[in-house]
Amino acid sequence: MNRNPLIPFFIIMLIGIGLTLGLSFKGLGDAKELAKEKKGGEKTEQTAAANPEEFYQQTCSGCHGQNYEGGAGPSLKGVGKRLSIDEIKNVIQNGRGGMPSGLVPPDKADEMAKWLSKLK
């Protein structure tokens with residue numbers, strides 16, 4: 001009994017083509033969801049945070065640390081001594097260095113800047 005040695009390669013090829021097509025259709029569905037979110041169709045948990053500390057824990061703590069000690073981003077302890085509230089608000093809205101802009105919604109920027117200026 002001689003088996004054709006190419007059959008396993010054809011099977012692998014068919015599985016690969018099937019996976020490629022399946023993942024492409026999944027990507028199309030994800031693209032539609034992203035477009036809907038970009039247009040403001042759905043609110044995310046980040047914008048739903050009730051106070052600045054909750055927002056910080058959800059959005060900022062990954063770079064600035066759970067206890068404001070810094071990490072990938074600088075420490076925020078005593079930031080009110082180094083920067084004025086207006087300067088903090090500017091950094092929050094426009095970013096600085098590796099920090100991207102627009103992480104804090106414009107309607108929450110004043111509240112967030114005041115809260116950050118009081119960190120010790």
Working to the nearest 0.5 Å, report the span between [atom1] of [X] and [atom2] of [Y].
X      : Y      : atom1 : atom2 : result
Asn94  : Ser101 : CG    : OG    : 6.5 Å
Lys108 : Phe55  : NZ    : CZ    : 9.0 Å
Cys60  : Met99  : SG    : CE    : 6.5 Å

Test item: [X] side-chain N/O and [Y] main-chain N/O as donor-acceptor pair under 3.5 Å:
X     : Y     : answer
Glu69 : Asn67 : yes
Asn4  : Leu6  : yes
Asn51 : Glu54 : yes

### Minimum heavy-atom distance Ile85-Ala113, with the two atoms named
O-CB, 3.8 Å
Measuring only between side-chain heavy atoms, which start at C-beta, is [X] closer than 4.5 Å to [Y]?
X      : Y      : result
Leu116 : Ile92  : yes
Glu53  : Trp115 : yes
Ile7   : Ile11  : yes

### Message
Membership question, hydrophobic clusters at under 4.5 Å side-chain separation (ILVMFWY): are Leu21 and Leu28 in the same one?
### Response
no
### Message
Please list all pairs meeting salt bridge (charged side-chain N to carboxylate O under 4.0 Å, His left out) that have one or both residues in residues 87-98, counting only residues at least two apart or in different chains.
### Response
Lys89-Asp110
Show the atom names and distances, to 0.1 Å, of all donor-acceptor pairs under 3.5 Å that link a side chain in residues 71-79 to residues at least two apart or in another chain.
from	atom 1	to	atom 2	distance (Å)
Ser75	OG	Tyr68	O	3.1
Ser75	OG	Lys77	N	3.3

